[in-house]
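What follows is a set of notes on a single structure, which appears directly below.
All chains are named by letter (A, B, ...) in the order of the sequence lines, taking the proteins before the strands, and each is independently numbered beginning at 1. Hydrogens, waters and symmetry mates play no part in the numbers below; they use all other heavy atoms, side chains included.
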Amino acid sequence: MSIYDTLNEQQKEAVLHTEGPLLILAGAGSGKTRVLTHRIAYLIEEQGVNPWNILAITFTNKAAGEMRERVDKLVGFGAESIWVSTFHSTCVRILRRHIDLLGYDNNFTIYDSDDQKTLMKDVCKLLQIDTKIFKERALLSTISHAKDELITPEEFRIRAEGDFSQKKIAEVYEEYEKQLRANNALDFDDLLVKTVQLFQTQADMLEYYQERFRYIMVDEYQDTNTVQFELIRLLASKYRNLCVVGDDDQSIYKFRGANIKNILNFEHVFEDAKVIKLEQNYRSTSNILNAANAVIRNNRGRKDKTLWTDNGDGEKLEFRQFDTAYDEAEYIVGDIREHVDRGECTYNDNAILYRTNAQSRIFEEKFVNANIPYKIVGGINFYARREIKDLLSYLKTVDNGQDDLAVRRIINVPKRGIGLTSINRVQEYAVRHEVGFYEALRAVDLIPNIGRGASKLESFVALIEHFKTDAQEMSISRLMKEIIEETGYVESLEAEDSEEAEARIENIDELMSKIVAYEDTCEEMNEPSTLSGFLEEVALVADIDSLDENSDYVVLMTLHSAKGLEFPHVYLAGLEDGIFPSYMTITADDPEEVEEERRLCYVGITRAEKALTLTCARSRMIRGETQYNKMSRFLKEIPMELLSTGAVFEKEKEEPAKQAAYMQARQAFRTKAFTAPKPARQFGTPAGDGPGYGVGDRVRHMKFGEGTVTAIVEGGRDYEVTVDFDGPGTKKMFATYARLQKV
DNA sequence: CTCCCCACTCTTTTT
DNA sequence: GAGTGGGGAG
């Protein structure tokens with residue numbers, strides 16, 4: 001019996017079809033990773049394909065790692081020379097070798113979104129753009145979309161003809177590009193764009209990589225955008241052995257430029273493409289699957305398919321509605337604890353999925369209280385933390401002196417008495433003489449009006465130059481230690497003597513061990529460890545990559561991050577109109593936006609293997625405002641008989657006052673929602689029913705303890721409350737933020 | 001030059 | 001509520 005006998009009919013067909021374009025429409029949990037790994041094995045073992053000629057592109061580094069591991073098990077020998085990586089790392093690997101052909105330096109820096117924003121601020125300042133009208137974030141997102149569509153600044157300008165604000169954006173785009181180039185830096189989108197440009201302009205390069213990658217496989221194909229498609233098309237156009245795997249129902253990255261047409265039109269672009277559908281689901285119970293099918297059925301313009309399974313019905317889906325988001329979190333945390341205590345599962349069998357990162361906070365609070373191990377994926381990336389970015393900026397400055405952003409970030413960190421005036425003088429000089437910021441620094445004695453600042457700048461330059469010499473002969477970890485010591489970075493944190501500073505020092509320790517780990521892997525792989533190499537690895541990691549199946553913790557993440565994962569027990573939290581589907585998509589006039597949310601819901605439901613719990617809250621605090629939301633429209637699309645109706649229609653026992661307030665709020669919501677065409681704050685709390693306490697009442701505050709209310713002033717949509725606290729004295733605060741409780 | 005306080009803005013999802 | 005930028009004092 002061969003390894004291929006374990007596959008079902010369709011899977012086998014996909015594995016055996018090795019030549020020519022192939023589209024595998026793989027529903028959730030239909031074993032597509034299995035197909036891909038077996039296909040690779042088949043290519044190598046049965047077709048005699050050189051592993052070196054295979055390229056497999058996945059969505060995350062984690063997925064790449066898993067695929068490599070699984071291929072390793074199937075293929076005894078040569079698996080390590082298969083190129084398995086994400087789009088971005090693939091491009092970086094290519095660009096590191098050849099980007100000089102496009103006029104960049106090969107040790108370019110990669111800018112993350114923080115860096116992009118800083119750069120954009122500079123650009124706006126330089127062009128005297130009013131950032132009240134043109135928001136940095138909006139500008140960046142427009143530019144990013146342009147890049148996704150392979151629209152150059154020149155082309156953008158031509159298209160903007162006659163439109164004042166578009167023309168303004170074109171100007172920004174041009175300047176932004178200019179500055180990136182001057183800093184020898186690429187943003188995330190550039191990694192793809194420049195690679196495509198490389199292949200478009202250098203025929204021999206394209207030829208080389210076409211020869212190299214004779215067999216190409218792309219996972220999560222539904223989420224590719226135009227640049228990615230173009231890259232694949234170019235690479236595959238010679239041998240045409242392109243196999244893409246995807247599920248149009250799981251396309252959830254339109255906001256990032258994903259072009260669903262890439263999958264819907266695959267057969268038109270590659271006319272002789274073979275199409276195979278995988279519809280048998282091996283992951284979930286039939287109840288879960290039927291719920292997913294029922295929801296996704298409401299979308300139009302999808303490739304028709306229905307998942308089925310012979311896993312049996314399984315448990316019904318639990319549904320619970322709560323008064324507040326706190327109750328919701330408490331229930332879920334308690335439920336997990338119960339299951340684990342009863343020995344039914346371990347913590348890492350459970351995942352909590354939600355729409356926005358902000359929702360994780362309440363859960364975190366409850367998990368800390370309950371002393372249950374948990375892990376939040378997403379939110380602020382480790383490498384985006386201030387102390388980490390500071391230290392990395394030192395490394396970047398040493399590695400690529402043209403990266404002005406990095407230099408300016410650290411020039412006065414830790415404080416060495418270099419102020420804004422000095423920095424501006426240097427900047428002016430740099431601009432006037434068309435040199436980089438660091439270059440200008442080195443010529444500090446030529447800069448006029450710098451006065452006393454000069455000596456400080458000189459010693460900063462001396463410090464960096466010293467590190468540059470060190471870098472020639474030291475390992476990265478040694479250099480990092482040197483930097484920390486010479487700059488007194490940790491020392492200045494220690495001096496702060498705060499809990500926050502302590503946490504930062506811990507993060508720095510963690511960074512050190514990550515550097516050492518990088519050096520170790522390089523040694524294992526017999527590759528030299530380089531500063532550029534480390535920085536690039538750091539730039540491309542996603543938080544999800546750090547997820548570890550062997551640790552026992554409950555996993556919390558957004559629905560987007562959950563794509564491609566599976567868990568025995570999944571909790572979908574915050575199923576409310578206005579949260580999920582989000583307020584933005586409900587009010588947008590494009591119905592496709594809600595469809596994308598529905599696909600997201602489909603992704604969420606299909607993550608569950610055995611049990612699925614759906615929850616929502618009648619009210620929740622969002623950015624300091626209480627919102628009253630209806631239950632999500634997606635919930636209503638799930639057939640009632642699949643739900644455990646347990647507590648759903650049970651009238652919660654509420655105090656009459658609370659009930660009245662809720663009804664009133666709901667009424668307000670209704671009238672507002674249906675009379676105003678586009679109300680600014682559709683879900684906002686009306687300031688009608690008072691804060692629930694009055695002057696003279698005793699109240700309790702989370703931080704300040706107990707006190708007496710001395711005044712309440714109604715202002716706008718909130719109450720300003722003055723409280724004379726027993727301990728810390730008199731404080732003024734807004735009622736919705738303070739969350740005061742009457743005692 | 002640095003620190004601190006106040007006011008203002010966040011309103012999605014991410015490689 | 002949190003994070004940031006501006007303004008003013010020291």
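The residue A:Leu559 sits apart from the nucleic acid: no heavy atom pair falls under 4.0 Å. Looking at heavy-atom distances under 4.0 Å, A:Ser113 makes no contact with the nucleic acid at all. Within the 4.0 angstrom heavy-atom criterion, no nucleotide atom of any strand lies near A:Phe87. Using a 4.0 Å heavy-atom cutoff across all strands shown, A:Thr558 reaches sugar-phosphate atoms only and no base atom.
A parallel orientation is assigned to the rings of A:Phe363 and A:Tyr354, their planes being inclined by less than 30° (bins at 30° and 60°).
A donor and an acceptor atom, one from each side chain of A:Tyr383 and A:Asp112, are nowhere located under 3.5 Å apart. If you check the side chains of A:Gln228 and A:Glu230, you find no donor sitting under 3.5 Å from an acceptor.
One can place NZ of A:Lys147 at 18 Å from P of B:dT15, the figure rounded to the nearest angstrom. Summarising the geometry, the separation between NZ on A:Lys117 and P on B:dC10 is reported as 9 Å, rounded to the nearest angstrom. Between A:Gln228 atom CD and B:dT14 atom P the separation is 16 Å, expressed in whole Å. One interatomic measurement links the two molecules: CG of A:Asp130 to P of C:dG5, which rounds to 16 Å at whole-angstrom precision. As rounded to whole Å, 12 Å separates atom C1' of B:dT15 from atom CG of A:Asp543. In this structure, CG of A:Leu420 is placed 10 Å from C1' of B:dC1, rounded to the nearest angstrom. Atoms CG (A:Asp187) and C1' (B:dT14) sit 14 Å apart, rounded to a whole Å. Between the CG atom of A:Asp112 and the P atom of B:dT15 there is a distance of 12 Å, given to the nearest Å.
Here A:Asn357 does not reach the OP1 or OP2 of B:dT12: none of its side-chain N or O atoms lies under 4.0 Å away. Close to B:dC3, at under 4.0 Å from its OP1 or OP2, lies a side-chain N or O of A:Lys415. Checking the phosphate oxygens (OP1, OP2) of B:dT14, a side-chain nitrogen or oxygen of A:Ser561 falls inside 4.0 Å. Between A:Lys135 and B:dT9 there is no side-chain polar atom (N or O) within less than 4.0 angstrom of OP1 or OP2.
Proximity note for A:Ser582 (side chain, C-beta onward) versus B:dT12, B:dT15, B:dC1: the nearest is B:dT12. In this structure, of B:dC3, B:dT12, C:dG5, it is C:dG5 that holds the atom nearest to the side chain of A:Lys121. In the set B:dT14, B:dT2, B:dT15, B:dT2 carries the atom at the smallest distance from any side-chain atom of A:Asn412. Looking at the side chain of A:Arg355, the nearest of the listed nucleotides B:dT12, B:dT2, C:dG1 is B:dT12.
Residue A:Glu593 is the one, among A:His88 and A:Glu593, whose nearest nucleotide of DNA chain B lies closer to the 5' end (criterion: closest heavy atom). Nearest-nucleotide assignment on DNA chain B puts the 5′-proximal partner with A:Ile418, out of A:Phe188 and A:Ile418.
For B:dT13, the base is stacked against the aromatic ring of A:Phe255, per a cut-off of 5.5 Å between centres and 30° between planes.
The main-chain N or O of A:Ile411 is found under 3.5 Å from a side-chain atom of A:Arg416 such that the two form a donor-acceptor pair. At least one donor-acceptor pair closer than 3.5 Å links the side chain of A:Asp545 to the backbone N or O of A:Lys62.
Within a 6.0 Å radius of CD in A:Glu458, more than 12 heavy atoms belonging to other residues, nucleotides or ligands are found.
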